[in-house]
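Letters go in sequence order (proteins before strands), and every chain restarts at 1.
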Amino acid sequence: MKYIRLIFNVAWMVWFSEIASAHEGHSHGQPLAVSVALDAHGTLWRASVKDGFVLVDKSPSVSPVVFSNQHKLNQQAQKIGTDGDARPKMAIAENGNIYVTWTQALPTPYSGYIWFSRSIDGGKTFSQPSIVHQDRAEITHRFDALAVSPSGRIYVAWVDKRDLIAAKKANQAYDGAAIYYAVSDDAGASFSEERKVADNSCECCRIAMLATEQGDAVMMWRHLFDGGVRDHAMAKVSPNKNSIAIHRASFGNWKIDACPHHGPAIAKGGDWGYHMAWFDGGDKVGLFYARMDGQAWVSSPAKRFGDANSQAGHPALLSDGDQVWLAWKELTDTASEVKLAKSNDGGRSWGDSVVIAQTKGKSDYPQLLLKDGQAYLAWNTESIGLVWAKVSQ
Amino acid sequence: MKSVSKIIFFFALFLSQQVCAEPLKPFGAASRMEIEKAHQGQPMVLAFWSVDCVYCLDELGVLADVVKQHPKIKLILVNVDGQSSSPEINKALKQIRLPSVYEAWQFAEPDEDRLRYSIDKRWYGELPRTYYYDASHQVKATSGSPDLTWLKDWAGKI
């Protein structure tokens, strides 16, 4: 009898030790990685993640910002990407439709699925989420980017490793990952079969994407150029065109086999092209801005912003005519800051950088939004919640 | 009878330790200094890595081999995934043939940007990030996969 009890005790101790080692890491609170967007009525919408669920809520007024009417988009809890450059994404169409994407991390390391949910009744209800890509292998489909064109065409782009895996099987060399995208012309009821934008992208950086008046998408991402150089590439993508031209967008020559976890930002310029901001490592480490000619695909010399010794990075860009705002995050010995610079001539010349927000605790990356011709900062912080501030410059 | 139960008890304890891998030490703002102090006068490699970084496990494998060939060098691994559970991290570490002696830490501050800043203002979050200390604690910091020629040369001089 005693032996039976002892054997029972052994089993119990083994079981207990498994439970004890299965705790969920150290306590880190809720992720601060959110996305915000404004609808035509000036209502501020937010997508966030809590306890494995993507949540959408809204603040009808922005003075002050008070969120309510929370919707849970996924019914089953998932491990949702909120680390580094990962976050749920939100875009609002001109007709008021709300679109949300996110990355679910799967058990295999680096693997994931990109999910999509929409509201076609102005945020009253959201659809059952669906997976955007048709490839369902448990491999990398991560770092979703989302944009909707003025005509209502939805683009979802992501980092995808199917070509790396195919190359490995064929014993061929393949650097990095690939950029894929899918498009919806029926307000998100369905998505096209995914198509490849480029081979050899960086594996772990966000993709910057905008959708144009003509219904094209312009994407910028960190790319692996010859010799393992991680500079940026840009491409204009149209579902009607079969070939996609890849253009080199930055020339920092950061040669590294590493995950920078630091993707770029873009904004529409005038008829001439696009504004770009990005982080570069290596000898010339820092945050940079340049203009990209959208016809000739030639970029202006890179202009440095912020203090590299204060971790200047994670840029946001916003444009309205010739006005351009560039915001980024820096750290001091005691606080996190958002700094801002403004140009009134389409990015040719810039005013001084100023600190526009500060927090003592943990904070997200800054986002910039346009409301009634005025620029606003949206910045999620642990201590004061979502900072919503008019950018006075 | 007593001795039998004692044997079974210690067997159970042994089994439970086999299942529960080495606990990860919590890495906070003061931990780098604490580690440096604890290994004063000893060469060491302080390697920051993530389960989410495709280059990290290869790098840790290379570092493990170097440390096995040069046992004087201490290997200190710091996982930066504060939100990951310890089984996830230990599962990743099991893929590497680590030396018999090493330390495993995990980020344990809510503000990981600030923690990184307190470790090194010139580290921007790229991984792997590694600090090579010689016996007098002259440090070389590198980002990305190590240059094998340099690494062998460095370890050979230790």
- First locate atom CG of Asp113(B), then atom NZ of Lys329(A), and finally report the distance between them rounded to the nearest 0.5 Å.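 Rounded to the nearest 0.5 Å, the CG-NZ separation comes out at 4.0 Å.
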- Nearest-0.5 Å distance that lies between atom CG in Leu331(A) and atom OG in Ser118(B):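 Here the rounded value is 10.0 Å.
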- Arg230(A) bridged to Glu126(B) by N-O distance under 4.0 Å: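 Salt bridge flag = no for Glu126(B) with Arg230(A).
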- Item | Ion pair check, Lys121(B) and Asp307(A), cut-off under 4.0 Å |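 Looking at Asp307(A) together with Lys121(B), the answer is no, because their closest N to O distance does not fall below 4.0 Å.
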Side-chain heavy-atom pair [X], [Y] within 4.5 angstrom cut-off:
X: Gln83(B); Y: Asp83(A); value: yes
X: Cys259(A); Y: Tyr55(B); value: yes
X: Val54(B); Y: Lys161(A); value: yes

- Close approach to chain A in residues 58-73 of chain B, criterion heavy atom under 4.5 Å: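 Listed by number, there are no contacting residues, so the answer is none.
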Heavy-atom contact with chain B under 4.5 Å, split by part of [X]:
X: Ser111(A); result: neither
X: Ala308(A); result: both
X: Thr82(A); result: side chain
X: Glu203(A); result: side chain
X: Ile256(A); result: side chain
X: Asn309(A); result: both
X: Lys255(A); result: neither

- Side chain, backbone, both or neither: which part of Val51(B) has a non-hydrogen atom closer than 4.5 Å to chain A?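 Val51(B) touches chain A through backbone heavy atoms alone.
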- Task: Go through the atoms of Asp147(B) and report whether side chain, backbone, both or neither lie under 4.5 Å from a heavy atom of chain A.
- Result: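 Neither the backbone nor the side chain of Asp147(B) comes within 4.5 Å of chain A.
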Taking every non-hydrogen atom, the tightest pair across [X] and [Y]:
X: Tyr117(B); Y: Asp333(A); answer: OH-OD1, 3.0 Å
X: Val285(A); Y: Tyr124(B); answer: CG2-CE1, 3.3 Å
X: Ser336(A); Y: Asp111(B); answer: OG-OD2, 4.5 Å
X: Ala258(A); Y: Gly144(B); answer: CB-CA, 3.6 Å

- Pick one: which of Arg122(B), Arg114(B), Arg116(B) meets side chain to side chain contact (heavy atoms under 4.5 Å, CB included) with Gln311(A)?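 Among the candidates, only Arg116(B) passes.
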